[in-house]
Each structure stands twice: as C-alpha cells, then as structure tokens.
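Everything on this sheet refers to the single structure shown next.
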Amino acid sequence: MEALPIFSISLLPWRKFPTTELSFIPCRTHSSIAVKSHLRVTTAALADSSPRTSFRDYSEDQDDDSEEAEGDDGKLSGRFRARGRQKEEEKDYDRDPEIADIMGSFMEDPQKAQSRVEERIRKKRNKILQTKTGNVTPMKVTFKKFDFSNSYMWLEFYHPPLTKDIELICDAIRSWHIIGRLGGCNSMNMQLSQLPLDKRPTYDAIQGANITPTTFYNIGDLEIQENLARIWVDIGTAEPLLLDVLVNALTNISSDYFGIKQAVFGGQEFEDWKEGLSTDDSGYSIHKI
C-alpha cells in the first residue's frame with residue numbers, strides 16, 4: 001500500500017506575528033493507515049506585515065526535542081545542535097558494525113578476519129596512522145643493582161621535556177603503578193597468553209584465584225633536572241613482568257612521542273644528577289604520581 005505523504009502547512013509572519021502550524025503525520029496500524037494530526041498555535045506580538053505560507057518536510061524519526069528547540073526564527077538552539085553532533089559522533093565511532101562483524105567471525109575464520117582488518121587499515125590509514133614525533137634510535141635499558149623493594153629508576157632524554165611530554169610520562173607511570181597495585185601484572189597467572197592462537201580462549205577462575213597475588217607497595221614522585229628524571233619505587237614482589245610492562249610503554253613513548261635516550265633501573269647516582277635541589281632552582285621540578 002502506498003504511504004501517505006508527510007507535509008506541514010505553516011502560516012508564519014514576516015516579523016513577530018501569531019503563528020499557526022498544522023502537521024499531518026501518517027501512522028501505520030495493523031489494519032489500516034491512520035492519519036494523526038497535530039495543531040500548534042503560537043501567539044506573539046502583532047506587527048504591521050502580512051503573513052507568509054511555508055511548507056516543510058518532516059522526517060519519520062523526528063522527535064519532540066526538535067520542536068521544543070525551535071524558536072520563533074525556526075532555528076535550532078546551540079544546545080540541541082551540540083546534542084545532534086554528539087549523536088553523530090557516537091554513531092560514527094562508538095558503534096561500528098564492521099568491527100563487530102569482523103570480531104564475530106574471527107574464531108570461525110581467523111585468516112579471513114585478518115585480511116578484512118588489513119583491508120580496513122589500508123582504506124583508513126590516513127585516520128589511523130599518525131606522524132611520529134619520537135626518536136628512531138631504540139631506548140637503551142640498563143640494570144644496576146636493582147632492588148624491587150627500594151630502588152630508583154632513571155630516565156635520560158635527548159633534550160629537556162616539555163609540559164606535554166612530562167604529562168605523558170607521568171600518565172604512563174601512574175597507570176603502571178595502578179595496574180601493579182591491583183595485581184594486574186602476575187606472571188604466575190597468564191592463562192590466556194599461553195593458549196594457542198587458533199583455539200577459543202578459556203579461563204580457569206579457580207586456578208586464577210589460587211595463584212599467589214602480586215602487588216606494588218609504593219612509588220615516589222617524578223623528579224626532573226633538565227634532561228634527566230628519576231622516580232623511587234618499592235614494588236615489593238619480585239615480579240619481572242611489571243618491569244616488562246613499563247619498558248614496553250617507555251619504548252613506545254620514545255619512538256612515537258618523545259625521545260628517551262636510556263632507562264636505568266637501580267643505582268643511587270646517575271650522570272650529572274644533583275642532590276638537594278628544590279623547585280626554586282632552575283631546571284628542577286617535581287610531578288605528583
């Protein structure tokens with residue numbers, strides 16, 4: 001059955017004038033097509049001008065918010081325009097049916113899923129790939145009498161870090177500390193990483209609950225002197241996986257964002273580090289972790 005047209009008739013003034021709008025919205029029921037009419041009359045101050053007639057189309061998904069947001073000039077307010085942009089962003093980025101389809105078919109056909117991911121990357125590489133601002137030389141990692149319960153970690157940069165670089169490093173170390181404090185880095189319970197890639201993942205909750213937990217006892221603030229930085233840690237548990245996680249994060253920061261010349265674990269002295277400086281001294285700063 002052919003759907004009825006959707007239209008409205010608006011009698012609008014050239015200036016502020018009583019406005020009459022009549023809308024006809026067809027609604028399909030189980031047995032027939034019913035026509036639902038809606039009449040809205042708005043009265044404003046009278047002006048010496050003749051009214052005009054305008055026709056406007058209605059979309060089927062138009063809601064009450066659009067009418068409430070519409071003023072005398074027929075334009076949407078900024079609040080409702082922002083809400084519309086937010087809905088569009090959620091639709092574009094948070095709900096991606098293509099990704100859901102790819103992940104849903106991964107277990108049945110991993111090769112096909114991988115090829116589809118590669119094709120997606122090729123099509124959207126300009127949105128995915130960003131210009132690297134780090135250093136191409138790999139970060140050097142050294143250990144000097146490192147004690148998990150009481151040691152400094154030292155960082156040497158290629159040049160003094162900017163505010164945004166310090167914020168990035170602080171965020172990485174802060175996240176590392178939180179994950180470690182919650183027991184997230186436990187090499188004794190790595191069930192998923194030890195499974196074959198071609199099998200569906202399984203997890204034994206009883207086995208995971210009976211593993212000796214790890215923790216991260218304490219951490220100091222990040223101190224910076226020119227192109228050097230240090231931070232004191234008390235990891236407590238001798239868990240090398242914690243160090244692997246931090247080194248991986250710092251390596252990517254160095255290559256992609258801000259060049260780190262080397263990371264040294266342990267030792268009470270490093271390069272030209274000066275003890276006893278305060279925040280009033282030039283080139284020295286302390287950043288809360």
Side-chain angles (χ1 to χ4, degrees), residues 129-190 193 213-289:
L129 301 180
Q130 303 294 330
T131 303
K132 294 185 177 182
T133 57
N135 196 287
V136 295
T137 304
M139 180 185 70
K140 183 180 178 181
V141 180
T142 307
F143 288 85
K144 295 181 178 180
K145 297 181 180 179
F146 180 75
D147 182 0
F148 278 88
S149 298
N150 181 17
S151 286
Y152 279 108
M153 294 189 309
W154 306 84
L155 298 175
E156 181 182 4
F157 310 114
Y158 286 97
H159 54 79
L162 302 176
T163 301
K164 63 181 182 65
D165 304 323
I166 296 175
E167 291 177 352
L168 177 60
I169 294 173
C170 286
D171 288 343
I173 295 177
R174 189 178 298 115
S175 301
W176 173 62
H177 173 242
I178 292 173
I179 292 296
R181 194 172 183 84
L182 295 175
C185 297
N186 191 338
S187 58
M188 300 300 294
N189 185 32
M190 302 181 64
S193 63
T214 60
T215 186
F216 196 136
Y217 289 162
N218 204 355
I219 192 170
D221 296 329
L222 181 67
E223 301 176 77
I224 294 180
Q225 288 185 19
E226 299 296 339
N227 68 320
L228 302 178
R230 75 174 182 180
I231 185 168
W232 174 84
V233 295
D234 177 9
I235 298 177
T237 307
E239 180 52 81
L241 180 59
L242 265 170
L243 303 183
D244 276 330
V245 170
L246 178 62
V247 170
N248 288 338
L250 294 177
T251 299
N252 282 279
I253 290 177
S254 177
S255 63
D256 295 354
Y257 301 99
F258 176 67
I260 302 176
K261 188 175 183 179
Q262 62 175 324
V264 178
F265 293 83
Q268 296 297 321
E269 297 179 355
F270 181 73
E271 299 292 339
D272 297 328
W273 185 271
K274 299 179 178 63
E275 297 290 349
L277 297 183
S278 65
T279 53
D280 296 332
D281 297 309
S282 177
Y284 179 80
S285 60
I286 299 179
H287 306 274
K288 185 70 176 178
I289 299 298

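Computed over heavy atoms, backbone and side chain alike; hydrogens, waters and symmetry mates excluded. Along the sequence shown, residues carry numbers from 1.
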Write down the atom of [X], the atom of [Y], and the distance for their closest heavy-atom approach.
X	Y	value
Asn186	Pro213	ND2-CA, 3.9 Å
Thr215	Leu242	O-CD1, 4.2 Å
His287	Cys170	CB-SG, 3.7 Å
Ala172	Ile253	CB-CD1, 3.8 Å
Leu241	Ser187	CD2-N, 3.8 Å
His159	Phe258	CE1-CE1, 3.1 Å

Okay, side chain of [X], backbone of [Y]: is any donor-acceptor separation there less than 3.5 Å?
X	Y	value
Asn248	Val245	no
Ser254	Ile260	yes
Thr251	Val247	yes
Thr214	Cys185	yes

**Report entry** side chain to side chain contact (heavy atoms under 4.5 Å, CB included) assessment of Trp232 paired with Asn150
**Finding:** CA-CA 7 Å; Trp232 174 84; Asn150 181 17; 2.5 Å; yes

Could you grab the distance from atom [atom1] of [X] to atom [atom2] of [Y], nearest 0.5 Å is fine?
X	Y	atom1	atom2	value
Arg230	Trp154	CZ	CH2	4.5 Å
Ile235	Ile219	CD1	CD1	8.5 Å
Lys164	Thr133	NZ	OG1	5.5 Å
Ile231	Trp176	CD1	CH2	7.5 Å
Phe157	Asn135	CZ	CG	13.0 Å
Leu155	Phe270	CG	CZ	8.0 Å

Query - Name of the residue among Gln225, Lys274, Glu223, Glu226 meeting side-chain hydrogen bond (donor to acceptor under 3.5 Å, both in side chains) with Tyr284 - result: Glu223

Query - Any Thr237 side-chain heavy atom under 4.5 Å of Phe216 side chain - result: no

Requested in this report: For the residue pair Ile173 and Met153, establish whether any side-chain heavy-atom pair is separated by less than 4.5 Å.
Outcome: no

Requested in this report: Take Asp165 and Leu162 through the test side chain to side chain contact (heavy atoms under 4.5 Å, CB included) and record every step on the way to the result.
Outcome: CA-CA 5 Å; Asp165 304 323; Leu162 302 176; 3.5 Å; yes

Query raised in the report: Counting only heavy atoms not in Phe146, do more than 12 fall under 6.0 Å of its CZ?
Result: yes

Report task. For Phe265 and Val141, run side chain to side chain contact (heavy atoms under 4.5 Å, CB included): C-alpha distance rounded to whole Å, both residues' side-chain angles, the deciding distance at 0.1 Å, then the answer. Result -> CA-CA 8 Å; Phe265 293 83; Val141 180; 3.9 Å; yes

